[in-house]
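Following: one structure in structure tokens, then a few remarks.
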Protein chains: 2
Amino acid sequence: MSLPHAILTALVEKPSSGLELTRRFDRSIGYFWSATHQQIYRELGKLETEGLIRELPGRQPARGQKKSYEVLPAGREELARWTAAPQDPRPLRDTMLLRLRAAAVVGTAGVGDDLRRHLDLHERQLAEYREIEERDFPPGRDGAEDRLRHLVLRAGIDLETFWTGWLRHALAEFAELPGEGAGAQNR
Amino acid sequence: MSLPHAILTALVEKPSSGLELTRRFDRSIGYFWSATHQQIYRELGKLETEGLIRELPGRQPARGQKKSYEVLPAGREELARWTAAPQDPRPLRDTMLLRLRAAAVVGTAGVGDDLRRHLDLHERQLAEYREIEERDFPPGRDGAEDRLRHLVLRAGIDLETFWTGWLRHALAEFAELPGEGAGAQNR
DNA sequence: ATACGCATGTAATCTGTTACATGATTGG
DNA sequence: CCAATCATGTAACAGATTACATGCGTAT
């Protein structure tokens, strides 16, 4: 129940078409709330029906034509209401941890290589976040909006820092496991 | 596509009934792959149909009667295959981060209180993990299975450490935001 | 004219959530 | 006998994923 609010947030920041939203989800919002273009189009339809957003006036109608939306006052209110309401953190669902637990009973074949690959992925993501931080949040600016957005980016950086650290630790442990030189075994 | 493998892992560790699995998901496996009893029963049915698990022999049939399952060789093979195959990390979906981004445009009302509540939740979870670590992983044991399971628990501990650290940082930032004494405002 | 990329959308399927229904067992 | 609890399950729905369909605009 958060996708509509992710979209409302994006549209309040800047009115956009479906594809533009998709691009922005790929770049920035999707770092903590991912969505595909199908989800976005479907949800835009719903939000329009519910009167929370509307098509920007001065438009072409047809299919294959760009169609931009803006947030209506009702949408802004709904977003404010949702933001203010308490919500429990959603339970974690992580495949790598599950695989390690499975590896404890069926063997570690293949897992070491993928740990290395994940480390690489997380290192890249971390580097990307740090670039964004340098570019968008140079020292000594502090509007309230900037601070909040910086805080969110900080979470991303800290989270990737956690993953890279843990993955390195995991790889070190793996190196000490019996028979983990080349990578495979099944008990 | 991981719930069946979570269940297979649990059943390889120890044959169980649906409700016993549900309990174990609440306690241990669910820390990184949560599931409700409905999901579990549905999936047990599928796994049995596919010939990956079977009912423990020596059974009563009827509804309301306990029904335990064990993993068949085909199930163990499928689990090993899945564990060894590379998988991309699933994209992050975090509501609190989304809310902060929304708060940057619609105001921070209510968010501060919930940050505090989340900090409390994550501190409790961290304490629970640490207790498990003390109880189940005293210094100086090192079977391969133990090491892998400890590694998974370590991820939980490090992750909760990240959250509590970040939430404290966020609360400190909030304290400096204009008008954030009592908690509410809308721009 | 056709092929490519942009843009919007439909459909089918799978996964997860919520609410409820039913039988068995046990303690009062 | 009754209520509570254990245990299994159904049904309906909501959310997410995957594959595909269609139309427009532009460059070759």
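The figures that follow rest on heavy atoms only: side chains count, while hydrogens, waters and symmetry mates do not. In what follows, chains are A, B, ... by sequence order, proteins preceding strands, each numbered from 1.
Nucleotide dT26(D) holds its C1' atom 16 Å from the NZ atom of Lys66(A), rounded to whole Å. One interatomic measurement links the two molecules: CG of Leu44(A) to P of dT10(C), which rounds to 12 Å at whole-angstrom precision.
Regarding contacts with the backbone of dG9(C), every side-chain N or O of Tyr41(A) stays at 4.0 angstrom or more from both OP1 and OP2. Note on Lys67(B): a side-chain N or O is less than 4.0 Å away from OP1 or OP2 of dG9(D).
Scanning residues 8-27 of chain B for heavy-atom distances under 4.0 Å to DNA chain D yields Ser17(B), Gly18(B), Leu19(B), Arg23(B).
Between Glu20(A) and the choices Lys67(A), Arg27(A), Lys66(A), the salt bridge (charged side-chain N to carboxylate O under 4.0 Å, His left out) rule is met once, by Lys66(A).
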Report, one pair per line, the protein and nucleotides 16-18 of chain D atoms (nitrogen or oxygen only) whose separation is under 3.5 Å.
residue : atom : partner  : partner atom : Å
dA16(D) : OP2  : Gln39(A) : NE2          : 3.4
dA16(D) : N7   : Arg42(A) : NH2          : 3.2
dT17(D) : OP2  : Arg93(B) : NH2          : 3.2
dT17(D) : O4   : Arg42(A) : NH2          : 3.0

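Residues His150(B) and Glu133(B) bring a donor and an acceptor atom of their side chains to less than 3.5 Å of each other. When only modelled atom types and interatomic distance are considered, Tyr31(A) and Glu128(A) share a side-chain donor-acceptor pair under 3.5 Å.
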Sequence neighbours left out, cut at 3.5 Å: what donor-acceptor pairs do the side chains of residues 7-15 of chain A make with other protein atoms?
residue  : atom : partner   : partner atom : Å
Thr9(A)  : OG1  : His5(A)   : O            : 2.8
Glu13(A) : OE1  : Arg24(A)  : NH2          : 3.2
Glu13(A) : OE1  : Arg101(B) : NH2          : 3.1
Glu13(A) : OE2  : Arg149(A) : NH1          : 3.4
Glu13(A) : OE2  : Arg101(B) : NE           : 2.8

**Arg116(A) vs Asp113(A), salt bridge (charged side-chain N to carboxylate O under 4.0 Å, His left out): CA-CA, chis, key distance, verdict** = CA-CA 5 Å; Arg116(A) 243 163 266 132; Asp113(A) 287 346; 3.0 Å; yes
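With sequence neighbours left out, Glu48(A) forms a side-chain contact (heavy atoms from CB on, under 4.5 Å) with Ile53(A), Glu55(A), Tyr69(A). In this view, Trp33(A) satisfies the ring-ring contact (aromatic ring centres under 6.0 Å, His included) rule with no residue, not counting sequence neighbours.
Summary of helix geometry: the two end axes of the helix from dA1(C)-dT28(D) to dG28(C)-dC1(D), each defined by five base pairs via their C1' atoms, are inclined to each other by 10° (rounded to 10°).
The closest side-chain heavy-atom distance from Met96(A) to Leu115(A) is below 4.5 Å. Proximity of Leu100(B) to Thr108(B): side-chain heavy atoms (C-beta onward) are nowhere separated by under 4.5 Å. Leu121(A) places none of its side-chain heavy atoms less than 4.5 Å from the side chain of Gln125(A).
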